[in-house]
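In what follows, chains are A, B, ... by sequence order, proteins preceding strands, each numbered from 1.
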Number of protein chains: 2
Amino acid sequence: MKKEGITMKDIAREANVSAATVSHVINNTKHISEVTRNKVLEVIKRHHYVPNSAAKNLRQQSSKTAGLVVSSFPDSFVTEMIFAIEERAKEMGYNLLLVNTNEDREYEEKTINLLHSKQVDGIILSPTSGDIQYLQNYTKDNFPIVMLNRYESTIKNIPRVTGDNFQLGYDATMHLLQHGHQKIGFIYSYPNVSTTDDRLKGYQEALRQYNIPYQEEFFVQGYAKVKGGSDAVQDLLTKDNQISAFFVQNDLMTIGAISKIKELKLKIPDDIALIGFGDFSSSHIIDPPITNILLPPETIGKTAFDMLLNKINNPNYMKHIELPPSMIVRKSCGC
Amino acid sequence: MKKEGITMKDIAREANVSAATVSHVINNTKHISEVTRNKVLEVIKRHHYVPNSAAKNLRQQSSKTAGLVVSSFPDSFVTEMIFAIEERAKEMGYNLLLVNTNEDREYEEKTINLLHSKQVDGIILSPTSGDIQYLQNYTKDNFPIVMLNRYESTIKNIPRVTGDNFQLGYDATMHLLQHGHQKIGFIYSYPNVSTTDDRLKGYQEALRQYNIPYQEEFFVQGYAKVKGGSDAVQDLLTKDNQISAFFVQNDLMTIGAISKIKELKLKIPDDIALIGFGDFSSSHIIDPPITNILLPPETIGKTAFDMLLNKINNPNYMKHIELPPSMIVRKSCGC
DNA sequence: TAAAATTAGTAAAACGATTAACTAAATGTG
DNA sequence: CACATTTAGTTAATCGTTTTACTAATTTTA
């Protein structure tokens, strides 16, 4: 499709000025007399002229566009982060190119390449698991990248904002331990990512303080949807029917877990206690209301964008930000 | 930030060929001998060279990027549509520039301008309420736009995919009427948009068939979040405590509505029946499980992208697609 | 009033690809 | 062998801006 649009030259001709003048009027890059300026603006308005930004980008080597690469999608925590980033980008006059890699490392690398070639000014990346050393190709050229929510511990030179997932795992587990639970199932969806790893470390540390040995079979993976939560509960209870509590790592799985527990005619929190991650909106009307431990998606999102902006404006910018978790105590934990 | 990247010329020089040859190798636009091709590819690989797409776009007048402009965000129906569109775009080799207008008409218009100037190949738009005649500036130049989910009835020449919201309103209302309800509250969030209007017409038509006069005060607006749902319920029950059923237009509001109903110590469905829109994942574990009427977000999303592609490839493409609603009957309706 | 400084605008060279039109060498054909 | 065709690659124009370096006219200054 050829879009034979109006160009700056056309505007210039019609306003009897040079293209340079039109450009200066549009960008306020030089003082142009009131009369000329108005003449130009009038022609622009009349034709609904908007400058071609491919040309502009090409010339300026910048696009006022940022890439946002997430590794998974419809879980309310991620959605809200995306929303916050979009909002912040908008405020700052940026656009956002959104890509979901679906936890595919290969695709992630291709995406970063593509976005880079699209002249985005920087990328916010929530990495998949797996080796992301390829990122060093970009960072060594100082191409601005910041890591969102997850990080890769071997890569130190990329700014990042994450939650304090160690603390999160620790707090949630501690809370359940304090209620007297000894066998606590840990249900997660993505292996080998910092969020899971750190929460597990927190979980282990809490157990250690209670002198309870860590049992690997209580650390169970499931598909990050409702079904995954149900299956994980089933799996865990089959392994050991003494398990009396679950700590579930995302909202859909939490729903699945509850649904399975109810299906098994077990009572929450009397037979099984439960803490879920993230404050999804239905938590408080579910019976019993769910106790959640959470991180602030909006803050994480906005911070990520601000970091990216800093990195764009200052190649030496470097910071690792870790936000603390908080807990909304309702009934499912046994309180 | 200047990114002094490697250009095609650099690759050409190093491979001892012309830039044209490099381009041909990359794009397979001309037969190049095996030996030259490999030489070029080797140099490209060695430098991690990726063509500058600002230049490419400028030259080709196309960007393989589509704009996606939504009017609101974190409600699972919209999220899933976005997800589906992103997925389809990816399959088709497109990228997506995502903007949320937050129901702001002015901003919507600015956004369309901006995206247009960014050389997107087309735009998928879920319009705000209000006058969108400005779109005609684009359609008359055959700039590809398709309307998603909502439409504006005065604009006929833009392809669109929506749900059959008349049927949806009709079916939901009918269902409640069949359970003997006479006074049914209709809780919505966005006025003057086709989705609301059409559902209302369906609601009215159903009432008409039962010879029940339409009462405008049962048609109540609320903020599209949990709180909005609670407030609307409160508002309606204050107006008329004979109201025995609610039809709620989005997931978060449904949750708010339930929460308020429970707070008032009313039983669902005995005292108050309820049908919500959209199949959010917690519907079935809420007590009682919620009856939902819904539209298929994935189908709508994918269809929208396919339509856009059609429109991009054929300026005369024109179609209005309307997808039928379906109902998931659980307990909250009184079944 | 002559020189200097300011103002208002322009010409033309980028930016980095694609692609139509061309050339030169190699191969095929009668 | 002479001519046509195919193959492999190149040259240079082009896309639509921005921006540096320039000019010409006007105003200020001494």
Side-chain angles (χ1 to χ4, degrees), chain A residues 1-41 43-44 47-65 113-114 116-121, chain B residues 1-41 43-44 47-65 113-114 116-121:
Chain A
M1 276 296 72
K2 269 269 160 2
K3 349 172 168 146
E4 6 62 33
I6 292 169
T7 75
M8 191 170 269
K9 238 180 232 164
D10 301 328
I11 300 296
R13 187 176 330 105
E14 195 158 331
N16 273 311
V17 295
S18 69
T21 302
V22 175
S23 174
H24 289 312
V25 166
I26 291 173
N27 301 298
N28 278 309
T29 34
K30 185 161 266 189
H31 192 261
I32 301 291
S33 72
E34 205 54 22
V35 42
T36 311
R37 146 179 248 89
N38 286 333
K39 195 172 49 180
V40 170
L41 288 175
V43 179
I44 287 177
H47 288 283
H48 297 105
Y49 167 74
V50 182
N52 176 322
S53 37
K56 180 173 182 157
N57 294 349
L58 176 57
R59 180 61 226 235
Q60 296 193 322
Q61 309 281 82
S62 145
S63 60
K64 287 281 181 188
T65 299
N113 267 311
L114 184 70
H116 181 65
S117 83
K118 288 231 174 209
Q119 306 304 104
V120 299
D121 294 344
Chain B
M1 277 298 68
K2 270 269 161 0
K3 353 175 166 147
E4 7 62 33
I6 293 169
T7 75
M8 191 170 269
K9 237 179 235 165
D10 301 329
I11 301 296
R13 185 175 333 105
E14 196 157 329
N16 273 312
V17 295
S18 70
T21 301
V22 176
S23 174
H24 287 132
V25 166
I26 291 172
N27 301 298
N28 278 310
T29 36
K30 187 161 266 190
H31 191 261
I32 300 290
S33 72
E34 205 54 21
V35 42
T36 310
R37 147 179 248 88
N38 286 335
K39 195 171 50 178
V40 170
L41 287 175
V43 179
I44 287 177
H47 288 283
H48 298 104
Y49 166 74
V50 183
N52 175 322
S53 37
K56 180 173 181 155
N57 294 347
L58 177 58
R59 178 62 226 241
Q60 297 192 323
Q61 309 282 81
S62 144
S63 60
K64 287 282 182 187
T65 299
N113 267 310
L114 184 70
H116 181 64
S117 82
K118 288 231 175 206
Q119 307 304 103
V120 299
D121 294 345

Asks: Work out which heavy atom in A/Thr36 is nearest to a heavy atom in A/Ile32; give both atom names and the distance.
Replies: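 Reported closest heavy-atom pair: CB-CG2, 3.8 Å.
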Asks: List in chain and number order the residues that pass side-chain contact (heavy atoms from CB on, under 4.5 Å) with A/Asn57, two or more places apart in sequence or in another chain; answer none if no residue qualifies.
Replies: A/Ser53, A/Ser63, B/Ala54
Asks: Might you point out which heavy atoms bring A/Tyr49 and A/Ile26 nearest each other, and give the distance in Å?
Replies: CE2-CD1, 3.7 Å
Asks: Check side-chain hydrogen bond (donor to acceptor under 3.5 Å, both in side chains) between B/Ser117 and all other residues, then give those that pass, not counting sequence neighbours.
Replies: none
Asks: Apply side chain to side chain contact (heavy atoms under 4.5 Å, CB included) to B/Gln119 and B/Thr65, showing your working.
Replies: CA-CA 8 Å; B/Gln119 307 304 103; B/Thr65 299; over 6 Å; no
Asks: Looking at every strand, decide which applies to B/Ser23 at a 4.0 Å heavy-atom threshold: base, sugar-phosphate, or nothing.
Replies: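 The residue B/Ser23 makes base contact.
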Asks: Using the C1' atoms of five pairs at each end, what's the angle between the two axes of the helix from C/dT1-D/dA30 to C/dG30-D/dC1, to 10 degrees?
Replies: 40°
Asks: Does C/dG9 have OP1 or OP2 under 4.0 Å away from a side-chain N or O of A/Ser33?
Replies: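 Result: yes.
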Asks: Would you tell me if any nitrogen or oxygen in the side chain of B/His31 comes within less than 4.0 Å of OP1 or OP2 on D/dT7?
Replies: no
Asks: Go through B/Val17 and B/Val22 one step at a time and tell me if the side chain to side chain contact (heavy atoms under 4.5 Å, CB included) criterion holds.
Replies: CA-CA 7 Å; B/Val17 295; B/Val22 176; 3.9 Å; yes
Asks: Roughly, in whole Å, what's the span from NZ in A/Lys39 to P in C/dG9?
Replies: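 Value for this atom pair: 8 Å.
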Asks: To the nearest Å, how far apart are A/Lys9 NZ and D/dC15 P?
Replies: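 The distance from NZ of A/Lys9 to P of D/dC15 comes to 7 Å, rounded to the nearest Å.
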Asks: Is there a side-chain contact between A/Gln60 and the phosphate of D/dT19, meaning an N or O under 4.0 Å from OP1 or OP2?
Replies: yes
Asks: What are the atom names and distances for every N/O pair under 3.5 Å that joins the protein to nucleotides 10-13 of chain D?
Replies:
residue : atom : partner : partner atom : Å
D/dT10  : OP1  : B/Ser18 : N            : 3.4
D/dT10  : OP2  : B/Ser18 : N            : 2.8
D/dT10  : OP2  : B/Ser18 : OG           : 2.8
D/dT10  : OP2  : B/Thr21 : OG1          : 2.3

Asks: Output the distance between atom NZ (B/Lys118) and atom NZ (A/Lys118), rounded to the nearest 0.5 Å.
Replies: 11.0 Å
Asks: Would you check if the side chain of B/His24 reaches a backbone N or O of B/Ala20 as a donor-acceptor pair within less than 3.5 Å?
Replies: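 Yes; judged by distance alone, with no hydrogens or angles, the pair exists.
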Asks: Check DNA chain D against residues 49-57 of chain A and give the residues with a non-hydrogen atom under 4.0 Å, in numerical order.
Replies: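 Correct list: A/Tyr49, A/Pro51, A/Asn52, A/Ala55, A/Lys56.
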Asks: Can you measure from CD1 (B/Ile44) to CG (B/Asn38) and round to the nearest 0.5 angstrom?
Replies: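 Nearest 0.5 Å value for the CD1-CG distance: 11.0 Å.
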Asks: For B/His116 and B/Asn113, run side chain to side chain contact (heavy atoms under 4.5 Å, CB included): C-alpha distance rounded to whole Å, both residues' side-chain angles, the deciding distance at 0.1 Å, then the answer.
Replies: CA-CA 5 Å; B/His116 181 64; B/Asn113 267 310; 5.6 Å; no
Asks: Between B/Gln119 and D/dC15, is there a contact of a side-chain N or O with OP1 or OP2 at under 4.0 Å?
Replies: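 No.
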Asks: Report, one pair per line, the protein and nucleotides 24-28 of chain D atoms (nitrogen or oxygen only) whose separation is under 3.5 Å.
Replies:
none

